[in-house]
Structures are given as structure tokens and as C-alpha cells.
Amino acid sequence: MGDSLQEKEKQLISEFARIHNAQECLGLLVARARKQPPLPADEKTETSKVAGCLSNLWFVPKMRDGRCFFQADSDSSIVRAIAGLLCELFSGHAPAEILAHDTHLLQQTSLDRHIASNRRNGLGRLIEKIRRFASENLAQK
Amino acid sequence: MDENNRPSKLQGQPADVAWADEMRPQFPILRQLVNGQPLAYLDNAATTQRPQAVIDAVSNFYARDNANVHRGAHTLGNRATAAFENARERTARFINARGADEIIFTRGTTEGINLLAHVLSASLLQPGDQVLLTEMEHHANLVPWQMLAQRHGIRILYAPVRPDATLDVPHLSDLIRHQPRIKLFAFVHISNLLGMINPAAELCAMARDRGTLTLVDAAQSAGHLPLDAQKMGCDFMVFSSHKMCGPTGIGVLYGRRELLESLPPWQGGGEMIQEVDFGRTLYAEPPYRFEAGTPNIAGAVGLHAAMDFLDCVGRARIFHHDQDLANYGYEQLTRIDGVRILGAEAGRAAILSFELSGVHPHDLVTFADQQGIALRGGHHCAQPLMRKLGLSGTTRASFYLYNTRDEIDRLVEVVRGAKKMFAF
């Protein structure tokens with residue numbers, strides 16, 4: 001958890017830099033989706049659903065010891081993996097760090113080219129939700 | 001083939017490869033690679049592609065004849081008016097209406113239904129009257145009536161769909177017989193979700209016997225089989241140009257002359273008037289009464305070319321080709337473990353909506369797209385039926401005259417590949 005957000009983002013981007021084509025990219029996403037722990041059924045509620053995504057996407061933010069932790073799940077493997085990447089990137093960081101970091105993960109991994117525009121909207125909303133949660137918890141402090 | 005009867009399954013019909021080979025070069029968009037693979041466009045229930053003849057007709061209209069219609073006294077105005085009214089006459093012949101005055105140009109199926117809902121609520125439908133729909137309607141034939149129910153106090157009844165995804169006709173017949181306040185029965189000819197073909201003539205006759213008006217949503221049928229409004233016996237029919245090789249933004253509302261004459265206008269403006277004074281307006285006769293503002297003239301010209309194209313190919317032959325692909329696709333896809341196709345095997349159009357166990361429809365669509373195959377995933381604008389069937393989405397492959405058995409073989413390989421990649 002010691003890495004800065006910038007370092008973590010660089011590592012994630014380098015993981016995708018080895019990919020040569022769209023099919024390999026999909027393979028990597030599916031492998032990540034398989035490894036990702038699922039959200040418990042009782043946390044997949046209407047309130048935890050992210051609107052605007054073609055598939056179901058659930059998002060649960062939590063605060064622990066002044067740091068934010070995020071978990072996401074979806075019935076689509078692709079969405080589950082990409083949402084998981086964003087959660088992995090921002091989890092374990094303080095609200096101020098999250099708000100100071102303008103992520104370009106989807107663009108720099110070229111994942112935005114592999115997802116339909118309506119899916120991009122849902123994932124864009126996920127980033128907004130991460131930032132809003134950070135902002136709300138920053139205000140509380 | 002009588003389009004009003006349920007077609008029987010064509011056993012062992014060989015694909016008309018030579019015919020598809022003749023069709024494909026006429027569609028320039030098909031001559032491309034998508035993600036490095038030849039495009040297999042299997043999303044025809046959403047929109048079809050346009051042949052060169054349609055592209056040329058629209059382009060030539062703008063290059064040579066463009067002007068506003070009806071009141072221009074100059075040469076271009078006359079040409080544009082003639083082109084627009086010729087398109088109306090062509091449409092009347094296409095569906096065997098009694099005359100061009102029964103053809104109203106709209107923006108598409110959705111606008112046609114909204115138009116009709118509005119004008120009926122201002123005339124024939126009283127609060128407390130009922131509109132009968134089926135559970136397999138597209139949102140376009142649900143939401144306008146729900147809006148009318150809220151605004152005008154009409155009630156909506158739904159004819160149920162059986163577990164095999166066919167319409168429960170005996171139940172429907174009971175409803176029509178025992179609910180005296182049903183004033184309109186609006187139903188889909190071919191379901192965009194299930195691909196099932198409803199027996200339109202039989203349903204219209206059933207309604208007519210009880211004095212109930214009928215509206216047929218022919219969006220998925222107009223470009224796929226011969227349509228005869230008189231033989232079908234419907235009072236109104238709607239369809240969209242873009243689902244039958246024509247341009248987007250234009251569609252048709254057919255209405256029986258006597259009914260259109262009795263209905264008030266929808267939108268007000270230019271074109272729909274006979275005379276306007278500061279105090280009052282005399283409305284034009286149908287169909288102009290329902291066409292306020294400058295219409296989509298180039299769209300009508302393109303639609304005319306599309307209808308010429310379809311009739312040159314032959315709609316009975318298109319239906320035959322569709323049937324071959326639907327049967328072949330059904331047979332091949334159901335061989336894959338975990339595939340479940342919605343709807344019965346027989347009596348379907350060239351639409352296969354299916355689930356692949358353990359694979360989300362959007363993941364399958366993304367995977368197929370990477371291999372040059374265009375599919376559609378989701379609820380297909382039929383959420384109530386999806387819920388009733390206990391589904392949140394399906395993958396849909398829909399075929400048309402330029403599709404081939406080879407493309408279905410590619411689809412089958414992709415489905416197998418997706419199963420291997422995603423299912424866990």
C-alpha cells in the first residue's frame with residue numbers, strides 16, 4: 001500500500017502495455033475478472049448500483065483508518081475487470097490523494113478503445129463516484 | 001407465401017449462395033474489414049444497410065432536384081414535389097393501400113404510433129376506454145399508450161405471451177370478446193426480441209368482428225415479406241424506412257381513408273392547412289393534415305428507391321432467404337451447450353435472440369465485434385417481456401438479404417469462442 005497513486009497507475013499501465021491486440025486485452029481482462037473477489041450478495045443492492053451502465057455494476061466504497069477502499073462487481077466480466085482496475089488503483093489512499101489525482105488509466109491502457117461508448121459512461125460515473133466519496137470524506141475531516 | 005399465415009419450417013433448404021453473391025456487391029458498406037475481419041453485419045433488426053441505389057437516389061436528389069415541396073412554382077420545386085408525391089404513391093403500392101391519401105410520412109415507427117395515440121385521444125378514445133396491447137411489444141408501442149393512460153385516463157390491457165414466447169391467441173380472443181371498451185388493438189407483426197411472427201390477418205379479423213380498431217407495428221416485417229394492408233385488414237399500420245434498406249428519419253403511418261378523414265391533426269404549422277386566419281384555421285385533407293412542417297423529402301426519395309430495390313429482388317424471395325438463415329442459425333446455435341434461443345423454432349423471422357450460459361450479452365457482443373461480427377446485446381427495447389421471461393438481456397443476431405450461411409458459421413465459432421473465454 002506504500003506506492004503512490006501515480007506509481008500504481010504506471011504499474012497498471014505497464015501491465016497493459018505488453019498487450020499486442022484487442023483479443024489479448026480481452027484475455028487479460030477476463031483473467032483479472034476471475035481473480036477479483038466478488039461482492040457479497042447482500043452488498044449488491046439497488047443503492048450500490050451505478051446508473052448509466054449497460055450491464056449491472058455495483059460499487060461499494062468504505063473508509064478505514066482515514067483511507068478509502070473500493071470494491072466493484074458486475075455481471076459482465078469486462079466491466080467487472082475494468083471497474084476492478086479503478087477500485088484497485090484508488091483503494092488504500094487518503095481522500096486528498098484521490099482528489100489530487102486526475103486518472104487517465106482507461107485512455108493510457110487503451111481500454112477506452114475496447115469498450116462501447118455507453119459502457120464508458122457507466123465507468124465514467126464510477127470514477128465520479130470514487131471522487132465524490134473522497135470529497136465527502138475530506139469534508140468530514 | 002401468404003405473409004399473414006405462420007410460415008412452416010423449411011427443411012434442409014440450401015442457402016441461395018449465388019443470390020447472396022449477387023446482393024452483397026450492391027451494399028458498399030459490406031466491402032470492409034472491421035477489426036481486421038470481413039464485416040458480418042448481423043444487427044439488421046436495429047437497422048439495415050443501404051444499397052447503392054438508395055445512396056444514389058438520396059445523393060442525386062440533393063445534387064439535382066432539392067427544393068421545398070408543394071407550393072414552389074419553379075422547376076426544382078415541381079421536381080421535388082413530384083419526387084415526394086411519387087414516393088407516397090409508391091408506398092401505397094408497396095403495401096397495397098387503396099390510395100396515396102392513406103399514406104402519411106412520419107419520422108419512423110415511433111413517431112407514427114405517437115401521432116396516432118395523440119389524434120385518437122383527441123377523437124375516438126374517451127377516458128375509461130381500453131387499448132389492448134401484447135406483452136411482446138417494443139417500447140415504441142408501449143410508452144405512447146402509457147403516456148396516454150396518464151394524460152387521458154384510458155386503460156391498457158395486455159394480451160399474454162406463452163412460455164414458448166408465442167402469443168396466447170385464445171386468451172387474446174377472450175379479452176376482445178369480453179371487454180367491450182377495447183377500442184384499439186395495437187400489436188407487433190414480428191417481435192424484435194423474439195423474432196416470432198404473429199398471425200396479423202387472423203388478429204385483425206378477430207378485432208374487426210368486435211368493432212375494434214387495429215394498429216399493426218410492421219417495423220420488422222415491412223422489408224422482409226410481402227405486406228398487403230387490405231388483405232391483412234388492419235386499420236392502421238406503421239413502419240420505418242431504415243429497417244428496409246431506406247434512409248433513417250422517415251417512416252410511414254398507413255390509415256384507412258375513412259378513419260383518417262375523421263381524425264383531427266397532430267402538430268400544427270405549415271403544410272397541414274387549407275387556410276389560416278388570425279381567428280381560425282381550416283385544416284388540409286389527409287394525408288397533409290398530419291404532416292406539419294417541411295417533410296423529409298430526400299428521405300422519401302430514398303425510401304422510394306428502397307422499395308423499388310426490395311421489389312426488384314422480390315419480397316417473397318427475401319422472406320425465403322430469411323427463413324433459410326433463421327432455420328440454419330437456429331439449428332447451428334442450439335448445438336452449442338449453454339445456448340438457449342428465445343421463442344419457438346417454427347414461425348419465426350430472421351431474428352435469433354439467445355442466452356449463452358455464464359456469458360454476459362455485452363461481453364459476447366464485444367468479443368464478436370473484435371472478430372468483425374456486429375451483434376446486439378441488451379433488453380432490445382422490450383424490458384417488460386424480458387422481465388416476464390426472467391431475463392436481464394440477450395444477445396441478438398438478426399439477418400437480412402445480404403447475409404449468408406458462412407456468416408452464421410462465423411457467428412457459431414464466435415459463440416463457441418466466447419463460451420471458452422468468458423464462462424467460469
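A note on names: the letters A, B, ... follow the listed sequences, proteins ahead of strands, and every chain is numbered from 1. Not measured: the values here are computed from a predicted model.
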Taking atom NE2 of H362(B) and atom OG of S76(A), what is their separation to the nearest 0.5 Å? 8.5 Å
Identify the heavy atoms of S77(A) and D363(B) that sit nearest to each other, and give their distance. N-OD2, 2.5 Å
Quick one: pull up CG in N56(A) and NE2 in H360(B) and give me the separation to the nearest 0.5 Å. 6.5 Å
Kindly check if the number of other-residue, nucleotide or ligand heavy atoms within 6.0 Å of CZ (R32(A)) is above 12? yes
Could you pull out the closest heavy-atom pair between Q23(A) and F367(B), with the gap in Å? NE2-CE1, 4.2 Å
For R64(A), look at atom CZ and say whether over 12 heavy atoms of other residues, nucleotides or ligands are found less than 6.0 Å away. no
Heavy-atom check, side chain of M421(B) versus side chain of L26(A), under 4.5 Å: yes
